[in-house]
2 protein chains.
Amino acid sequence: MTRSCDALHPAAHEGAAPDTPSREAATAALVARIEARCAARGVRMTGQRRVIARLLAEAEDHPDVEQVWRRCAEIDRRISIATVYRTVRLLAEAGVIDRHNFHDGRTRYDMPRERHDHLIDRKTGRVVDFTSEEMERLQAALAKKLGYRLVAYRLELYGEPLSSKSEGRGAETSRPSAPVE
Amino acid sequence: MTRSCDALHPAAHEGAAPDTPSREAATAALVARIEARCAARGVRMTGQRRVIARLLAEAEDHPDVEQVWRRCAEIDRRISIATVYRTVRLLAEAGVIDRHNFHDGRTRYDMPRERHDHLIDRKTGRVVDFTSEEMERLQAALAKKLGYRLVAYRLELYGEPLSSKSEGRGAETSRPSAPVE
DNA sequence: ATACATGCAAATGCTTTGCCTTCTC
DNA sequence: GAGAAGGCAAAGCATTTGCATGTAT
């Protein structure tokens, strides 16, 4: 069975996010959305799934399964990594979280609050989030020029630090979204 | 240590492609380029590497390692799959071939004749190749703004036909699809 | 000659699964 | 109480690697 459910960014902003709600409110909304979708699909909401969902909703980075598992352990030691794998896949297939492959050998996940693109540091593996209206405009323009209406896209930039930036060994992954331009 | 060495799309254009040579000539040029780079890096050119390089240069698709290996076997049965893995990685690190991850569980490679991006028709699955200097400029600029030098990137646009009509003419290069499998 | 390359098979590392227990609905 | 979900450990897969042997330079 094909299992691709990779994160394709919807091309246009959705009505969502009327204003900038508090962080907790946003998180709560995400969690609520998950529970709603699970309910809609007849998927049972268990303790472990709640923990995992909340963790993902609160995460600022793009954790891989092991990282999610470790964070889970801090809350409930009884959650096995197999469950994390199963749940994370479940959520990705439900379209609640995005699945990424940044070519570092593991699959990363994140529950995006707002659309953003990624720049991956080739040296450290760190992921920097960014948004660019110009990029969105250009993509739409290119698609139009080719006779299409842009529906979705995938964009990843891979770079090397310009200066000898921090050699952040070990832990990787990002920081909150930075509006560029 | 991270082991990413993915080619994806190299960020910058190189001198390459003066005119549109015959297919064999193009293939020969690619092979020559490989040999040149290997020589430049002090990498020995062996029989198995020649076979693998030629196969990749002739390939129209994005074969995974096993496919490359099978094709090799038709020419020289003695090539082991371990060698294919090693060679393919070597070439990717040398920037001679591109490495792709389509989330289907295996890594695919191809030796692009010219850099180009893809727009995928959501309706028909048709792939339209295109290039955009403005896009390249913008990507580089964004990376720079974030403190990075753009090394590679991945871009895919997904769209729906604007009208029922194909309307092939556009300012950008629009060409028949490439195998995406 | 002498590094480097290859074969083969064992070893990795991430992810999935079988099976039996536990818990939600 | 029935069937989904979880825990554990074994199984799978693609990919890498140790080592002895072959080979390009």
Side-chain angles (χ1 to χ4, degrees), chain A residues 1-6 34-53 62-70 72-73 75-94 97 99-109 125 172, chain B residues 1-6 34-53 62-70 72-73 75-94 97 99-109:
Chain A
M1 47 155 138
T2 30
R3 42 160 155 156
S4 61
C5 50
D6 309 338
I34 292 171
E35 306 214 351
R37 291 215 194 175
C38 286
R41 306 175 97 218
V43 173
R44 292 179 182 173
M45 187 46 55
T46 66
Q48 310 48 347
R49 284 180 181 170
R50 274 205 192 80
V51 171
I52 295 170
H62 306 74
D64 58 42
V65 171
E66 197 179 327
Q67 290 175 308
V68 172
W69 179 54
R70 277 197 221 292
C72 282
I75 298 173
D76 185 343
R77 191 67 58 74
R78 292 167 303 176
I79 297 179
S80 83
I81 197 167
T83 295
V84 178
Y85 269 106
R86 282 190 273 235
T87 301
V88 130
R89 155 165 286 200
L90 182 82
L91 295 177
E93 284 173 353
I97 63 177
R99 162 190 257 219
H100 297 288
N101 187 305
F102 295 145
H103 293 277
D104 62 350
R106 60 199 69 200
T107 303
R108 297 169 177 286
Y109 298 86
E172 66 292 282
Chain B
M1 203 74 218
T2 35
R3 48 163 152 146
S4 60
C5 51
D6 311 333
I34 292 171
E35 306 214 351
R37 290 215 195 175
C38 286
R41 307 174 96 216
V43 172
R44 291 178 183 172
M45 188 45 56
T46 66
Q48 9 311 58
R49 284 180 182 170
R50 276 206 191 81
V51 170
I52 295 170
H62 303 72
D64 59 42
V65 171
E66 199 179 326
Q67 291 176 305
V68 173
W69 180 54
R70 278 197 222 290
C72 282
I75 298 174
D76 184 345
R77 190 68 56 76
R78 291 167 303 178
I79 298 179
S80 84
I81 198 165
T83 295
V84 177
Y85 270 106
R86 281 191 274 235
T87 301
V88 130
R89 156 165 286 202
L90 182 81
L91 295 177
E93 284 172 353
I97 62 177
R99 164 188 256 219
H100 297 287
N101 189 306
F102 298 152
H103 287 285
D104 61 352
R106 59 200 67 201
T107 304
R108 298 171 177 285
Y109 298 86

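Letters A, B, ... are given to chains in the order of the sequence lines, protein chains preceding strands, and every chain is numbered from 1. Quick caveat: nothing in here was measured; it's all calculated off a predicted structure. Every heavy atom of this structure was used, including side-chain atoms; hydrogens, water molecules and symmetry mates were not.
One can place CZ of Arg77(B) at 12 Å from P of dC8(C), the figure rounded to the nearest angstrom. If you measure from atom CD of Gln67(A) to atom P of dT15(C), you get 11 Å, rounded to the nearest angstrom. Per the geometry, CZ belonging to Arg106(B) stands 17 Å off C1' belonging to dT16(D), to the nearest Å. Here dT17(D) presents its C1' atom at 7 Å from CZ of Arg86(B), a figure rounded to the nearest Å. Atoms CD1 (Ile81(A)) and C1' (dC8(D)) sit 12 Å apart, rounded to a whole Å. A straight line from CG of Leu90(B) to C1' of dT16(D) spans 15 Å, rounded to a whole angstrom. Computed from coordinates, the Glu35(B) CD to dT25(D) C1' distance equals 15 Å when rounded to whole Å. Atoms CZ (Arg41(A)) and P (dT24(C)) sit 20 Å apart, rounded to a whole Å.
Under 3.5 Å, the side chain of Arg44(B) and the base of dC4(C) form at least one donor-acceptor pair of N or O atoms.
Residue Gln48(A) places none of its side-chain N or O atoms closer than 4.0 Å to OP1 or OP2 of dT22(C). OP1 and OP2 of dT23(D) both lie 4.0 Å or more from every side-chain N or O belonging to Thr46(B). For Arg89(B) and dT16(D), the shortest distance from a side-chain N or O to OP1 or OP2 is below 4.0 Å. Between Tyr85(A) and the phosphate of dT16(C), there is no side-chain N or O to OP1/OP2 separation shorter than 4.0 Å.
Not one N or O on the side chain of Thr83(B) forms a donor-acceptor pair closer than 3.5 Å with the backbone of Ile79(B). The closest donor-acceptor contact from the side chain of Arg49(A) to the backbone of Arg44(A) lies under 3.5 Å. In this structure, Gln67(A) contributes its side chain and Asp64(A) its backbone to a donor-acceptor pair below 3.5 Å. No donor-acceptor distance shorter than 3.5 angstrom exists from the side chain of Arg99(B) to the backbone of Tyr109(B), with no hydrogens or angles considered.
Arg49(B) comes within 4.0 angstrom of sugar-phosphate atoms only, judged by non-hydrogen atoms across all strands, and of no base. No engagement by Glu66(A) is indicated, since no non-hydrogen atom pair under 4.0 Å with the nucleic acid exists. At a threshold of 4.0 angstrom between heavy atoms, the contacts of Ile79(B) are confined to the sugar-phosphate backbone, with no base atom among them.
The 5' end of DNA chain D is approached more closely, in terms of each residue's nearest nucleotide, by Asp76(A) than by the other of Met45(B) and Asp76(A). If Arg78(B) and Thr83(A) are placed on DNA chain D by their nearest nucleotide, the residue sitting closer to the 5' end is Thr83(A).
Ion pairing between Arg50(B) and Glu35(B) holds under the 4.0 Å rule for side-chain N and carboxylate O.
Side-chain atoms of Ala82(B) lie closest to dA9(C) of the nucleotides dT17(C), dA9(C), dT6(C).
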